[in-house]
Asks: 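Sharing a structure below in structure tokens format, with a few things to ask.
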Amino acid sequence: MNKPINILCCLMLISGVGQAQNTPENPQVTLHTSKGDIRIELFQDKAPLSVENFLQYARDGFYDGTIFHRVISHFMIQGGGFVMDAQSKSMQEKATREPIQNEATNGLSNRRGTIAMARTTDPHSATAQFFLNVEINTNLDHTAPADSRAWGYAVFGKVTSGIEVMDDIRFVPTDSRDTPLETVTINSVEIH
């Protein structure tokens, strides 16, 4: 009695019925930084709004020349929103598109090597800025929609190569406001 079921299962597997067909691979990007390259896999299925938002900024060349403006060696490195003005040697914030909806409810955790959307105290205020978790930061995960902190920060990808570059950036000297004393630039973002 089990034989017909087993044969049917085998036929389904051989024919491909019941399997995901033509599933597109997750998008990949490379952050070409002044410290080296960081390759990132973006989780389109889990964070479609965040991924499309990031990719659109990348396609527009928005990230070219931006800097990692906030670095906390035991926490994260944040970039994607400021450029360094050559004359004044001060950071200038870039104008962005409208904010996106927070996708921190997607079940992804702020683990070491993941990339997440940066935002203000408003849970749904993320625009272009992002951060790379250099440590396990599960305290940033979604726990409830009750308040800003509990809403969490939306993870939308992970580093697949160049983790040593991320670590080089995390250890650059900073001032008392966590601003790097050495400018670390995102030269460009390449979409693969």
Asks: May I ask you to say whether R59 pairs ionically with E52, meaning some side-chain N is under 4.0 Å from a carboxylate O?
Replies: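 Here R59 pairs with E52 in a salt bridge, since their nearest N and O are under 4.0 Å apart.
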Asks: In terms of hydrophobic clusters joined by side-chain contacts under 4.5 Å, are I77 and V29 together?
Replies: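 In one cluster with I77: V29, yes.
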Asks: Are V159 and T114 packed together at the side-chain level, in the sense that at least one heavy-atom pair is separated by less than 4.5 angstrom?
Replies: no
Asks: Under a 3.5 Å distance rule, please check whether N102 uses its side chain to pair with a backbone N or O of S125 as donor and acceptor.
Replies: no
Asks: Could you tell me whether the side chain of V71 reaches within less than 4.5 Å of the side chain of D178, counting heavy atoms only?
Replies: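 No, every pair of side-chain atoms sits at 4.5 Å or beyond.
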Asks: Salt bridge check: are R149 and D147 linked by an N-O gap of less than 4.0 Å?
Replies: no
Asks: To the nearest 0.5 Å, what is the distance between CG on N133 and NZ on K158?
Replies: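 If we round to the nearest 0.5 Å, N133:CG and K158:NZ are 14.0 Å apart.
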Asks: Can you tell if the side chain of L31 reaches within under 4.5 Å of the side chain of I40, non-hydrogen atoms only?
Replies: yes
Asks: Begin with the C-alpha distance, continue with both residues' side-chain angles, and end with the deciding distance and a verdict on side-chain hydrogen bond (donor to acceptor under 3.5 Å, both in side chains) for D64 and S188.
Replies: CA-CA 4 Å; D64 299 1; S188 65; 5.0 Å; no
Asks: Roughly how far apart are L49 CG and E103 CD, rounded to 0.5 Å?
Replies: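 The CG atom of L49 sits 4.0 Å away from the CD atom of E103.
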Asks: Is a donor on one side and an acceptor on the other found under 3.5 Å between the side chain of S50 and the backbone of A47?
Replies: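 Side chain of S50 to backbone of A47: no pair is present.
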Asks: Would a single hydrophobic cluster contain both I67 and M76, if residues Ile, Leu, Val, Met, Phe, Trp and Tyr are joined by side-chain heavy-atom contacts under 4.5 Å?
Replies: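 No, because M76 and I67 fall into different hydrophobic clusters, even though each may have its own neighbours under 4.5 Å.
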Asks: With a 3.5 Å cut-off and no angle check, do the side chains of N26 and Q44 form a donor-acceptor pair?
Replies: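 No donor-acceptor contact under 3.5 Å links the two side chains.
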Asks: Which word best sums up how the rings of W151 and H124 line up, parallel for under 30°, tilted for 30 to 60°, or perpendicular for over 60°?
Replies: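 Judged by the thresholds at 30° and 60°, the geometry between W151 and H124 is perpendicular.
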Asks: Under 4.5 Å between side-chain heavy atoms, counting indirect links through other Ile/Leu/Val/Met/Phe/Trp/Tyr residues: same cluster for F68 and F82 or not?
Replies: no
Asks: Is there a donor-acceptor pair under 3.5 Å between the side chain of N137 and the backbone N or O of L140?
Replies: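 Here the side-chain-to-backbone pair does not exist.
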Asks: Honestly, is R119 close enough over Y153, meaning NZ or CZ under 6.0 Å from the six-membered ring centre and within 45° of the axis?
Replies: yes
Asks: Taking a hydrophobic cluster as the set of Ile, Leu, Val, Met, Phe, Trp and Tyr residues connected by side-chain heavy atoms closer than 4.5 Å, whether directly or through intermediates, do I163 and L42 fall within one such cluster?
Replies: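 They do share one cluster, since a chain of ILVMFWY contacts under 4.5 Å joins I163 to L42.
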Asks: Go through the side-chain N and O atoms of T179 and H69 and say whether any donor and acceptor fall under 3.5 Å apart.
Replies: no
Asks: Strictly by modelled atom types, are S90 and D85 linked by a side-chain donor-acceptor pair under 3.5 Å?
Replies: no
Asks: Flag the pair L55 / P27 as yes when at least one side-chain heavy-atom distance between them is below 4.5 Å, and no otherwise.
Replies: yes
Asks: Whether R170 and E135 form a salt bridge (side-chain N of Lys/Arg under 4.0 Å from carboxylate O of Asp/Glu) is what I want to check.
Replies: yes
Asks: For T185, is there any backbone N or O sitting under 3.5 Å from a side-chain donor or acceptor partner on S34?
Replies: yes
Asks: Can a donor-acceptor pair be found, under 3.5 Å and without considering hydrogens, that links the side chain of D60 to the backbone of F62?
Replies: no
Asks: Looking just at side-chain N and O atoms, do T30 and Q28 make a donor-acceptor pair shorter than 3.5 Å?
Replies: no
Asks: I need the single residue from R97, Q101, E98 that forms a side chain to side chain donor-acceptor pair (under 3.5 Å) with N53. Which is it?
Replies: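 Filter result, single survivor: R97.
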Asks: Tell me if the CD1 atom of I72 is crowded by more than 12 foreign heavy atoms within 6.0 Å.
Replies: yes
Asks: Looking at T121, is its backbone amide N or carbonyl O close enough to the side chain of S148 to form a donor-acceptor pair, meaning the two atoms are under 3.5 Å apart?
Replies: yes
Asks: Around atom NZ of K94, are there more than 12 heavy atoms from other residues, nucleotides or ligands closer than 6.0 Å?
Replies: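 Enclosed: over 12 neighbouring heavy atoms sit under 6.0 Å from NZ of K94.
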Asks: Looking at side-chain heavy atoms only, is the closest gap between F131 and M117 below 4.5 Å?
Replies: no
Asks: Compute whether any side-chain donor of one residue and acceptor of the other, for H32 and D37, lie under 3.5 angstrom apart.
Replies: yes
Asks: How about E41 and T160: does a side-chain donor come under 3.5 Å of a side-chain acceptor?
Replies: no
Asks: Any non-hydrogen side-chain atom of V165 less than 4.5 Å from a side-chain atom of T33?
Replies: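 In short, these two side chains touch, coming nearer than 4.5 Å.
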Asks: Under 4.5 Å between side-chain heavy atoms, hopping through other hydrophobics if needed: is there a path connecting I115 to I136?
Replies: no
Asks: State whether E190 and R39 are salt-bridged, where the test is any N-O pair (Lys NZ or Arg NE/NH1/NH2 against Asp/Glu carboxylate O) under 4.0 Å.
Replies: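 Salt bridge between E190 and R39, a charged N being under 4.0 Å from a carboxylate O: no.
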Asks: Are F130 and Y63 close enough that their ring centres sit under 6.0 Å apart?
Replies: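 Judged by ring-centre distance (under 6.0 Å), F130 and Y63 do meet the cut-off.
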Asks: With a 4.0 Å cut-off, would you call D167 and K35 a salt bridge?
Replies: no
Asks: Where do V189 and F54 land on the side chain to side chain contact (heavy atoms under 4.5 Å, CB included) test, with the steps shown first?
Replies: CA-CA 10 Å; V189 176; F54 182 87; 4.2 Å; yes
Asks: Decide side chain to side chain contact (heavy atoms under 4.5 Å, CB included) for Y57 and T96; before the verdict, give the C-alpha distance in whole Å, the side-chain angles of both, and the deciding distance to 0.1 Å.
Replies: CA-CA 9 Å; Y57 278 113; T96 61; 3.3 Å; yes
